[in-house]
Amino acid sequence: MTTTPSPDHESTAAPVEPHRVLVLNSGSSSVKYQLLDARDRSRLASGLVERIGEETSRLVHTPLTGGAEPRERTGKIADHEEALKAAAEELAADGLGLDSPELAAIGHRVVHGGLRFSAPTVVTDEVLKEIERLVPVAPLHNPANITGIRTAQALRPDLPQVAVFDTAFHTTMPEAAARYAIDVETADAHRIRRYGFHGTSHAYVSRKTAELLGKAPEEVNVIVLHLGNGASASAVAGGRCVETSMGLTPLEGLVMGTRSGDIDPAVTFHLKRVAGMSADEIDVLLNKRSGLVGLCGDNDMRVIRRRIDEGDERAALAFDIYIHRLKKYIGAYTAVLGRVDAVAFTAGIGENAAPVREAAIVGLEELGMAVDASLNSVRSSQPRLISPEYARVAVAVVPTDEELEIAEQTFALVSRGGAARPAHSDN
């Protein structure tokens, strides 16, 4: 006689293996987010909450599957907790809620990790204390990153929160590159050294450039030029950063949208003595009223190029200064690396401004670099070479993907079930 098994003996479906990562980039008054599937690197949704704390707060949520249209909310969003809850509601409306068993972790962009954090790290109370300890060297960024982490912890205390640091990729710089030539005791007491930023972008782009050349990262020396409103260069030897243009803060290095980049430090003393400017006023000048906007009043390269075409001399000078600084760094990093296999342009200007790429490389033929005008003029979202076949050094355009890099580093860490060990301790 056949009996029907009771429900207690029926087989149940296999548990869902978590495979999604929510990436959060928390600014002082904004939260950017993306939900990714780590299995195939696909994006499921993205969004931006901006003007947090203002009456004109705005959330734009974009589902990236099923053909749904972006959705927008307006009206005051009081704080980051409310912002993240609103984002969670939008994700839940698409069946992608934060309570899903498919969510493996939340990955957070953290701008400054000092020397201690050279890899993605599962957030603990001790890790948060270390990030807080670095607030004096990242006063605009680390507090917002901490707020985002704490908010996410409150919403999902059971879920791993992973910090991925902008500075981590640059911790491989040798001391000769990382040290400033100032009194050692003073520098060590106040953690004054070159840390570098945009590290997730430089790591991703240098690796993708090697793939484009059909080689392993360990076989390739690359100069990466991350050119956005913020801009930085790096020299990457065999997959390891050996030099980068930003320093203690993101102010050093290339000419940027609103930042001066390299400047004689005595300019600050001069402005204090002669113009009577305070430290805060000089800070605002160099970070928000300099660079392209200080030179010509615009920091949008498309507008600057249009003004140049119309005969605007200030725009032309701003462009020339921008390119001159860029060439200096390409030449310097060629010397640092000794052998260069590729120069890779990335970020908003690097990926889209063909005139910038052409101007930065023209005249560097003796260094083995050249740009093919027809290849350079092609617009594409794919990694591509824009150098002629005869060029000794490949010149590439490699779109960056910092969110994907954060998601992959986060998923790799939680999948192997542990936190990354700090490299060594700051003083």
Side-chain angles (χ1 to χ4, degrees), residues 22-34 47-54 57-59 76-87 106-118 120-157 161-168 170-171 190-201 229-230 232 246-252 256 258-259 278-284 286-288 402-403 406 410 422 425-427:
L22 178 65
V23 176
L24 293 180
N25 183 351
S26 300
S28 58
S29 62
S30 67
V31 174
K32 296 178 184 176
Y33 62 91
Q34 284 200 18
L48 167 66
V49 188
E50 57 185 349
R51 300 192 289 274
I52 294 171
E54 300 179 21
S57 302
R58 176 171 172 261
L59 183 155
K76 185 171 183 177
I77 295 175
D79 52 29
H80 284 69
E81 181 178 1
E82 191 174 322
L84 195 50
K85 284 181 177 177
I106 299 178
H108 299 264
R109 179 196 180 209
V110 178
V111 167
H112 216 310
L115 291 181
R116 178 162 183 181
F117 300 109
S118 60
T121 304
V122 171
V123 176
T124 63
D125 289 343
E126 182 58 32
V127 168
L128 266 180
K129 288 178 184 176
E130 291 295 329
I131 297 172
E132 286 179 329
R133 209 162 66 88
L134 289 161
V135 166
V137 291
L140 299 178
H141 299 95
N142 273 30
N145 302 153
I146 292 166
T147 298
I149 291 171
R150 285 184 170 147
T151 301
Q153 284 178 323
L155 288 178
R156 281 298 305 268
Q161 310 284 332
V162 176
V164 179
F165 299 91
D166 273 12
T167 50
H170 305 304
T171 57
H190 301 286
R191 299 193 296 276
I192 298 171
R193 61 184 291 121
R194 302 182 63 249
Y195 294 100
F197 299 89
H198 295 146
T200 50
S201 177
N229 192 49
S232 60
M246 287 179 168
L248 174 72
T249 75
L251 180 60
E252 188 180 357
M256 303 176 224
T258 66
R259 299 180 192 136
S278 68
D280 287 344
E281 288 172 330
I282 296 170
D283 191 331
V284 170
L286 298 181
N287 278 288
K288 297 183 178 179
E402 294 173 273
E403 290 79 14
I406 291 171
T410 296
S425 179
D426 285 347
N427 292 322

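All values reported here derive from a predicted model rather than from experimental measurement.
Closest heavy-atom contact between A83 and I52: CB-CD1, 3.7 Å. The heavy-atom pair separating G230 from R259 by the smallest distance is CA-NH1, 4.0 Å. In plain terms, the two heavy atoms of V162 and P120 that are nearest each other are CG1-CB, 4.0 Å. Here the closest heavy-atom approach between residue G53 and residue K76 is recorded as O-CE, 3.5 Å.
At a threshold of 4.5 Å between non-hydrogen side-chain atoms, the residues Y195 and L115 count as touching. Between R156 and L22, the closest side-chain pair of non-hydrogen atoms is not below 4.5 Å. Using a 4.5 Å heavy-atom threshold, the side chains of F197 and T167 count as touching. Using a 4.5 Å cut-off on side-chain heavy atoms (C-beta onward), R116 and R133 make no contact.
To the nearest 0.5 Å, atoms CG (L286) and OG1 (T258) are separated by 10.5 Å. Atom CD1 in I106 sits 13.0 Å away from atom CD1 in I406 (nearest 0.5 Å). From M256, atom CE reaches atom CE of M246 across 4.0 Å, with rounding to the nearest 0.5 Å. The NE2 atom of H80 sits 11.5 Å away from atom CD1 of I149, with the distance rounded to the nearest 0.5 Å. To the nearest 0.5 Å, atom CG of residue D283 and atom NZ of residue K288 are 8.0 Å apart. Here the CG atom belonging to L248 is positioned 12.0 Å from the NE2 atom belonging to H190, to the nearest 0.5 angstrom.
Looking at residues two or more places apart in sequence or on another chain, you find a side chain to side chain contact (heavy atoms under 4.5 Å, CB included) between N142 and V110, V111, H112, I131, L134, V135, A138, N145. Checked against side chain to side chain contact (heavy atoms under 4.5 Å, CB included), A168 has the following partners two or more places apart in sequence or in another chain: F165. Take D79 and apply the side chain to side chain donor-acceptor pair (under 3.5 Å) test, not counting sequence neighbours, and it matches no residue. For K85, the salt bridge (Lys or Arg N to Asp or Glu O under 4.0 Å) test picks out E81, with sequence neighbours left out. For R109, the salt bridge (Lys or Arg N to Asp or Glu O under 4.0 Å) partners are D166, not counting sequence neighbours.
Between the side chains of H198 and S232, at least one donor N or O lies within less than 3.5 Å of an accepting N or O.
When L84, V49, V31 are each tested for a side-chain contact (heavy atoms from CB on, under 4.5 Å) with I77, only one passes: V49.
Residue pairs that meet the salt bridge (charged side-chain N to carboxylate O under 4.0 Å, His left out) test with at least one member in residues 140-150, sequence neighbours left out, are E132-R150.
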